[in-house]
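Positions are given from 1, in the same order as the sequence printed here.
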Amino acid sequence: MSNVKEQRAAKPGDTFILLVPPAQELHHLEKLQLGFQNQYSGKIVDHIHITCERFTPKREKFPQECSAVLRHHIGNLTPFTVFSDAVIQFYAPYWQNQVLRWRIEETAAWIEFRNLLRKTLEGIACPSHFDRQRRATCSILTLDKAAELGEKHDLVIHSQKLFTAQEAVISQLHENHQFEILETIPFSG
């Protein structure tokens, strides 16, 4: 029997913790997206972000209560740089299509941030839906068809700085793929 947790697709009511690039770093990422689009075709993904956590609130007011606890625990973090160590493609069940994504490098700052989120969510009896054995990603393109990336056809080494994480965004999924931003927590450390 496997210890690997089955990761389900997102559904309405789920709450997310995201990292988004600051406005001054978006132009750099958009240029990178254009380069990948020229190489692999597909549609550029709007609203670049990394989904760090996903969970389902147990009570109606839980997102607000959760925001207060998260604000307390992560508001004093120091901004940190997020790096990619590869570009991968896979089928995204929620969007029901092939995607091209940066794979997030597991630096010490990234691991510390993810562990803090995990411990905070567990402390309020709201564990993550994510399988911690799977690497985090950041979308680049929605592909028209599977791309041939390299010898393995699913991975190309592409190590680089993506952006400086300066805040966490808490959002919630509603019907028809509509997301509502509940709160933005700046890192002030």
Quick one, [X] and [Y] - any side-chain contact, counting heavy atoms below 4.5 Å?
X: I140; Y: V45; value: no
X: R118; Y: E122; value: yes
X: L143; Y: V99; value: no
X: T15; Y: S171; value: no
X: K119; Y: L116; value: no

| message | Just checking Q24: does its CD atom have more than 12 heavy atoms from other residues, nucleotides or ligands closer to it than 6.0 angstrom? | response | yes
| task | Determine whether more than 12 heavy atoms belonging to other residues, nucleotides or ligands lie under 6.0 Å from atom NE2 of H28. | result | yes
| Does L141 belong to the same Ile/Leu/Val/Met/Phe/Trp/Tyr cluster as Y91, with side-chain heavy atoms less than 4.5 Å apart forming each link? | no
| field | Path from F113 to F83 over hydrophobic side-chain contacts below 4.5 Å | value | no
| said: Testing V20, I185, L77 one by one against E167 for a side chain to side chain contact (heavy atoms under 4.5 Å, CB included), which residue passes? | reply: V20
| task | In sequence, state the C-alpha distance, the side-chain angles, and the governing distance for L19 and F163, and then conclude on side chain to side chain contact (heavy atoms under 4.5 Å, CB included). | result | CA-CA 10 Å; L19 292 180; F163 61 89; 4.2 Å; yes
| query | Taking the inter-plane angle between the rings of Y40 and F36 on a 0 to 90° scale, is it parallel (under 30°), tilted (30 to 60°) or perpendicular (over 60°)? | reply | parallel
| message | Let's go through W102 and L32 carefully: what are the C-alpha distance in whole Å and the side-chain angles of both, what is the deciding distance for side chain to side chain contact (heavy atoms under 4.5 Å, CB included) to 0.1 Å, and is it a yes or a no? | response | CA-CA 11 Å; W102 285 291; L32 293 173; 3.8 Å; yes
| message | Could you go through N115 and E112, starting from their C-alpha distance and side-chain angles, then the distance that decides it, and tell me whether this counts as side chain to side chain contact (heavy atoms under 4.5 Å, CB included)? | response | CA-CA 5 Å; N115 285 338; E112 180 182 336; 5.9 Å; no
| query | Are L18 and C52 close enough, and set up right, to give a side chain to side chain contact (heavy atoms under 4.5 Å, CB included), and what steps lead you there? | reply | CA-CA 5 Å; L18 315 172; C52 304; over 6 Å; no
| Is there a donor-acceptor pair under 3.5 Å between the side chain of Q98 and the backbone N or O of Q89? | no
| query | Salt-bridged, E105 to R135, with N to O below 4.0 Å? | reply | no
| said: Looking only at the side chains, is there a donor atom on one of S139 and R101 sitting less than 3.5 Å from an acceptor on the other? | reply: yes
